[in-house]
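Per chain, numbering begins at 1; letters A, B, ... match sequence-line order.
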Amino acid sequence: MDFNHKEVEKRCKAFWADNETYKVSIDPSKPKFYVLDMFPYPSGAGLHVGHPLGYIASDIYARYKRQTGFNVLHPMGYDAFGLPAEQYAIQTGVHPADSTDKNIKMYRAQLDNIGFNYDWDRQVKTCDPSYYKWTQWIFIKLFEHYYDTGEKKAKPISELIKLFGEGGSASVKASHANETDFSAEEWSQMTAKAKDEILMNYRLAFRKVAYVNWCEALGTVLANDEVKDGLSERGGHPVEKRPMMQWALRITAYAERLLEGLNKLDWSESMKTMQRNWIGKSTGAQVFFQLADSDDKIEVFTTRPDTIFGVSFMVLAPEHDLVASICTDEQKSAIAAYVTEAGKKSEIERMAEGKTVSGCFTGAYALHPFTQKKIPIYISDYVLKDYGTGAIMAVPADDARDRKFAEKFDLEIVEIVDKSGYPDAGIGDKVGVMINSDFLNGLKVKDAIKESAKQLYDHGIGKRYTNYRLRDANFSRQRYWGEPFPIKIKDGVSVAESFDNLPVELPSLDDFKPTAEGKSPLAKVTDWVNTPDGTRETDTMPGYAGSSWYFFRYMDALNNQSFASQKALDYWQDVDLYIGGTEHAVGHLMYSRFWTKFLFDIGEVRVEEPFKKLINQGMIQGVIEYIYLAKEKTNGRSKFVCSKIAQQQGVDNFSKLPIHVDFVEDYGSHNSYINRAGIEAFIQWRPEYKDAIYECGLGTYDMGSFKSKSDATDSMLYTESEVGKMSKRYFNVVNPDTIVERYGADCFRMYEMFLGPIEQSKPWDTQGIEGVAKFIKRLWSLYYTDGEWRVTNDSPNKVELKALHAAIKKIRKDLEAFSFNTCISQFMMLVNELKKQNTSSEVILKDLVRLIAPFAPFLAEELWSKLGHEHSVHHSEYPEFQESYLVEDTITYPICVNGKKRSLLKVANGLAKEEIEKMAKELPDLDRWLDGKQVVKIIVVPNKMVNFVVK
RNA sequence: ACCGAUGUGGCGGAAUUGGUAGACGCGCUGGAUUCAAAAUCCAGUUUCUUCGGAAGUGGGGGUUCGAUUCCCCCCAUCGGUACCA
């Protein structure tokens with residue numbers, strides 16, 4: 001009997017379903033282990049072979065952990081709200097719920113095909129009201145809490161109100177925006193609306209003005225990646241920044257804890273560094289600059305208060321609140337023009353244009369806090385509104401960007417640091433001695449930073465301050481397909497829905513276009529918006545709302561009394577292993593950590609960090625094949641040429657057209673080409689090019705016939721190969737279903753792992769799978785030969801035992817290190833050795849089945865049952881290795897001369913260093929390397945090598 | 001521009017603490033088997049070579065008896081940059 005993967009897969013799937021093999025429940029008798037995959041968004045394109053890479057790795061690990069005695073939670077679900085479904089709805093009228101459901105069904109079928117061990121009873125969907133009920137519930141909790149900076153935790157707003165009533169704003173230490181001081185009495189006399197506005201500055205979920213990408217022509221707000229060079233990607237219409245009142249989450253309150261929490265996590269250092277840099281803690285000083293002709297002050301944050309005497313101008317972000325009011329009449333039109341231009345640029349563009357400086361003078365002046373000198377105030381897009389205070393004191397002498405700006409606008413540059421003692425130091429380096437700086441003169445930079453901060457405080461000009469780059473999270477989207485906010489606005493006051501009224505369900509809709517004013521389509525559902533106790537918020541929550549806490553829901557996914565029971569939270573605690581891509585480095589992973597800390601503060605979860613260990617899987621890329629199309633037509637006809645011809649004639653004269661990889665011979669290689677059949681397939685696919693000319697070195701294909709230049713019979717039109725994204729737009733998508741159909745799920749799984757380290761990106765090559773397919777056949781042939789079961793109860797020999805136990809040792813070790821590719825190599829070596837030994841011993845073959853079960857679950861299950869077992873192999877024990885089988889009798893040392901291998905020496909294991917040295921000296925093949933040389937030293941590294949150092 | 005990662009044969013990759021560079025595969029070449037093909041099996045496969053060797057892990061420099069591994073500089077590619085998910 002040959003291995004028939006289709007039959008075996010069918011049989012195993014039924015067996016697993018009947019026996020609920022992967023169902024998991026709380027079991028205090030076993031240690032828990034929670035393996036989580038990143039939440040997939042079910043896109044209409046379905047899965048390609050790159051998506052399951054991380055899922056296969058986590059599946060293997062989860063199975064391995066189960067076999068080593070853990071109670072393993074391994075769930076899956078869908079991050080089902082999102083822009084693509086809404087965009088599709090606008091285009092086609094298909095309700096996002098319907099298209100999402102359809103996509104989920106397709107995903108599920110594809111996932112099932114690969115044989116994952118998910119407990120599907122725990123599936124969650126973020127767009128399901130029974131799920132988003134709890135997303136809304138958490139939002140209300142955020143809304144009803146503030147962050148106490150004294151106790152360093154979230155506390156109920158009711159306590160804040162009490163404190164305000166007793167001692168006014170001064171009695172409160174809390175994260176907040178907009179400093180407003182008031183007494184207890186003033187508080188008691190405020191209107192409800194005024195109180196609400198004050199409280200908004202403290203709530204962890206709050207409303208504030210934020211900027212959106214507004215596209216007038218499309219009448220809609222655009223996502224950042226829908227905007228290219230200040231124009232909409234669709235249609236190329238102008239886009240501008242527009243202020244809008246929106247919800248935000250005060251993640252900045254947690255900045256310090258998010259930073260500290262990283263130290264305890266088993267994440268890669270690079271991932272932690274990215275999060276640290278994103279949080280961007282810097283210590284320095286807050287300084288106030290009085291305006292020359294007004295009572296207003298400009299607040300700046302600087303890490304270099306020591307350079308205060310070098311300040312010769314100030315720069316505000318174009319969006320800064322003061323720009324409009326301070327700007328003089330003469331400058332109004334210039335400023336307005338500059339603000340408009342800056343509004344068209346994205347932050348990346350602003351920063352990427354580091355080399356070209358732009359800006360505009362406001363006409364206003366500030367007073368230097370120490371010298372009272374008038375200093376001009378500019379605006380420039382290199383200052384960002386949301387970073388720091390949106391304003392800087394410019395020190396052209398010791399800041400590269402400020403210097404460029406000063407040079408361009410011919411502003412004064414006051415040298416304030418003498419770096420002559422540090423010839424290697426550049427601009428901005430914190431070394432040197434202060435000059436031209438009044439009371440700081442003669443101090444070293446480090447001391448000057450301290451002294452200046454002290455003086456600023458003593459003079460009431462500023463104070464020590466810690467700034468974070470992290471910004472509060474914008475939590476509003478002007479979209480339909482997202483969680484509705486459980487908020488009503490009555491008389492200008494935001495009121496949370498009572499918990500009994502949750503979920504606030506999305507009303508049905510059939511026109512998904514936004515309103516003319518840029519509001520969410522929900523604004524059109526007037527009978528939903530207008531209620532007796534206020535108007536509903538019509539924005540919806542962003543994609544990351546549902547994904548910021550889903551890992552807790554899996555612990556008790558069907559609970560309708562709470563988001564998860566106390567019992568489940570006590571038992572499962574947190575995620576032990578999370579596998580996902582680095583693209584989530586600072587988004588999802590930061591928000592999830594923030595929500596978890598908040599839920600911890602209010603006593604809802606047991607842990608402060610959600611993900612103990614994190615592994616980042618790389619991407620599987622595709623091969624993109626291009627053909628060259630001449631930009632100029634030949635006699636009115638399109639002309640394609642061979643890549644070699646294009647290079648000769650200059651590639652600028654051609655445009656590159658991605659072509660379906662199936663048409664290309666030897667695709668992915670330097671010599672990929674399309675032959676006549678390929679050209680004809682291409683024409684069938686793109687009929688608009690049926691009249692085109694296809695020229696290559698061998699001849700020309702023209703209107704159905706090939707005119708050869710020599711005696712060639714077929715066209716060989718070279719294409720250009722590139723490694724890149726696997727995507728519909730490049731016509732290079734490989735569907736896992738196709739591979740599973742042909743080779744089987746076990747083969748597909750093992751090949752994905754065999755491709756390379758899980759953390760690295762690598763290109764997909766379908767051809768390479770043959771090696772794994774052969775391996776599986778060879779493995780199967782150890783159990784069946786010509787349809788005959790050949791496992792016997794013969795005793796294994798020494799070589800077999802050594803091969804097996806070496807493999808067990810290596811595979812266990814590599815699994816713990818998430819080095820799946822080397823596990824597969826080890827399996828291959830083991831099977832090669834067992835084939836050579838013609839092994840039939842059950843002792844060996846039984847362990848091999850259990851060893852490979854996590855990798856090839858179908859094949860293993862089948863063989864396990866054939867070996868006479870009733871219960872699933874996936875609940876069997878993982879094999880242990882015995883060191884005694886692995887002891888080597890002899891060791892072969894490489895003998896090197898000056899680090900180059902010149903000979904080999906086989907000696908008994910455990911031989912003393914001196915003996916090895918002595919034997920090495922006597923090796924005849926070393927003579928030619930040692931003759932006439934002086935041996936300076938002989939280095940013997942036990943079990944490794946011997947090196948002769950000669951002169 | 002900034003932050004992070006990666007770079008080793010024709011290709012994917014291996015080398016656990018600084019110790020035999022190229023394990024395990026793909027592909028290719030030759031052979032066996034076959035009417036033939038597929039499949040299978042065996043052998044070879046970094047490059048150059050005067051066949052003695054020499055060079056070689058993106059490029060340049062350094063530390064070391066010894067560097068893919070550690071340090072400095074540079075280049076290229078990929079991910080992220082706050083409304084794609």
- Query: For Asn213(A) and Arg242(A), does a side-chain donor sit closer than 3.5 Å to a side-chain acceptor?
  - Reply: no
- Message: Taking the C1' atom in each of A54(B) and U6(B), what is the distance between them to the nearest angstrom?
- Response: 31 Å
- Task: Please report, rounded to the nearest Å, how far the C1' atom of C26(B) is from the CH2 atom of Trp764(A).
- Result: 13 Å
- Task: Please check if any side-chain donor atom of Thr582(A) sits under 3.5 Å from a side-chain acceptor atom of Asn616(A), or the reverse.
- Result: no
- Task: Say whether, by atom type as modelled, one donor and one acceptor occur between the side chain of Asn277(A) and the main chain of Gly280(A) under 3.5 angstrom.
- Result: no
- Are the side chain of Arg749(A) and the backbone N or O of Phe855(A) linked by a donor-acceptor pair below 3.5 Å? yes
- Query: For atom C1', what is the distance between G80(B) and C84(B), given to the nearest Å?
  - Reply: 12 Å
Polar atom pairs between nucleotides 17-20 of chain B and protein, under 3.5 Å, N or O only, would you list them?
| from | atom 1 | to | atom 2 | distance (Å) |
| --- | --- | --- | --- | --- |
| G19(B) | N2 | Asn947(A) | ND2 | 3.4 |
| U20(B) | O2 | Lys901(A) | NZ | 3.3 |

- Message: Could you tell me how far G27(B) sits from A76(B) if I compare only their P atoms? Round to whole Å.
- Response: 35 Å
- Item | Watson-Crick or G-U stems involving RNA chain B, each at least 3 pairs long, distances under 3.5 Å, ordered by first number | B:1-7 with B:75-81, B:10-12 with B:24-26, B:27-32 with B:40-45, B:46-48 with B:53-55, B:58-62 with B:70-74
- Item | Atom OH of Tyr55(A): over 12 foreign heavy atoms under 6.0 Å | yes
- Query: Backbone N or O of Arg276(A) within a donor-acceptor pair of the Lys281(A) side chain at under 3.5 Å?
  - Reply: no
- Thinking salt bridges, do Arg477(A) and Asp539(A) make one under a 4.0 Å N-O criterion? no
- Message: Between Arg403(A) and Asp399(A), does any NZ, NE, NH1 or NH2 come within less than 4.0 Å of an OD or OE carboxylate oxygen?
- Response: no
- Rounded to the nearest Å, what distance is computed from the CG atom of residue Asn821(A) to the C1' atom of nucleotide U16(B)? 13 Å
- Distance, rounded to the nearest Å, where Met753(A) contributes CE and C24(B) contributes C1': 16 Å
- Message: Output the rounded distance in Å from NZ (Lys810(A)) to P (C24(B)).
- Response: 13 Å
- Is the backbone of Gln246(A) close enough, under 3.5 Å, to the side chain of Ser476(A) for a donor and an acceptor to pair up by distance? no
Return the polar atom pairs (N/O with N/O) between nucleotides 53-59 of chain B and the protein under 3.5 Å, or none.
| from | atom 1 | to | atom 2 | distance (Å) |
| --- | --- | --- | --- | --- |
| G53(B) | OP1 | Arg928(A) | NH1 | 2.1 |
| G53(B) | OP1 | Arg928(A) | NH2 | 3.1 |
| G53(B) | O5' | Arg928(A) | NH2 | 2.9 |
| A54(B) | OP2 | Arg902(A) | NH1 | 3.4 |

- Item | Closest non-hydrogen atom pair, Leu923(A) against Ser903(A) | CD1-OG, 3.7 Å
- Query: Quick one: does Trp278(A)'s side chain have a donor or acceptor within less than 3.5 Å of a partner on Arg469(A)'s backbone?
  - Reply: no
- Query: When the distance from CG of Leu259(A) to P of C3(B) is rounded to whole Å, what number comes out?
  - Reply: 17 Å
- Task: Mind calculating the distance between CG (Leu614(A)) and P (A5(B)) to the nearest angstrom?
- Result: 14 Å
- Message: Mind checking if Asp814(A) touches a base, just sugar-phosphate, or nothing, with heavy atoms under 4.0 Å?
- Response: nothing
- Item | Donor-acceptor side-chain pairing of Lys813(A) and Ser819(A) below 3.5 angstrom | no
- Thinking salt bridges, do Arg234(A) and Glu226(A) make one under a 4.0 Å N-O criterion? yes
- Message: Among Asn947(A), Val946(A), Val949(A), which residue satisfies the side-chain contact (heavy atoms from CB on, under 4.5 Å) criterion with Ile938(A)?
- Response: Val946(A)
- Query: CD of Glu917(A) versus P of C65(B): gap in Å, rounded?
  - Reply: 17 Å
- Item | Pairwise side-chain contact, Phe827(A) with Ile811(A), heavy-atom cut-off 4.5 Å (strictly under) | yes
- Message: If I take atom NZ in residue Lys272(A) and atom C1' in nucleotide A5(B), what distance separates them, rounded to the nearest angstrom?
- Response: 17 Å
- Message: Taking A21(B) as the reference, what is the distance to U57(B) when you measure between their P atoms (whole Å, please)?
- Response: 12 Å
- Message: For Lys777(A), is there an ion pair with Glu770(A) - N to carboxylate O distance below 4.0 angstrom?
- Response: no
- Message: Distance alone, cut at 3.5 Å: any donor-acceptor contact between the side chains of Gln275(A) and Arg593(A)?
- Response: yes
- Treat primed atoms plus P, OP1 and OP2 as sugar-phosphate and everything else as base, then score nucleotides 76-85 of chain B 5' to 3': B for base contact with protein heavy atoms under 4.0 Å, S for sugar-phosphate contact only, - for none. ---SSBBBBB
- Query: Any idea if G12(B) is syn or anti, going by the 90°-from-0 cut?
  - Reply: anti
Quick test: give all pairs of protein nitrogen or oxygen and nucleotides 39-41 of chain B nitrogen or oxygen below 3.5 Å, distance rounded to 0.1 Å.
| from | atom 1 | to | atom 2 | distance (Å) |
| --- | --- | --- | --- | --- |
| C41(B) | OP1 | Arg778(A) | NH1 | 2.8 |

- Note on the structure: Closest of G25(B), G4(B), C65(B) to the Asn898(A) side chain is C65(B)
- Any donor-acceptor pair under 3.5 Å from Thr540(A) side chain to Arg479(A) backbone: yes
- Query: Between C24(B) and G79(B), how far is it from one P atom to the other, in whole Å?
  - Reply: 34 Å
If you restrict it to nitrogen or oxygen atoms, what contacts under 3.5 Å exist between nucleotides 69-73 of chain B and the protein, and what is each distance?
none

- Query: Syn or anti: how is G56(B) classified when any glycosidic angle within 90° of 0 counts as syn?
  - Reply: anti
- Salt-bridge criterion met for Lys272(A) and Glu269(A) (N-O under 4.0 Å): yes
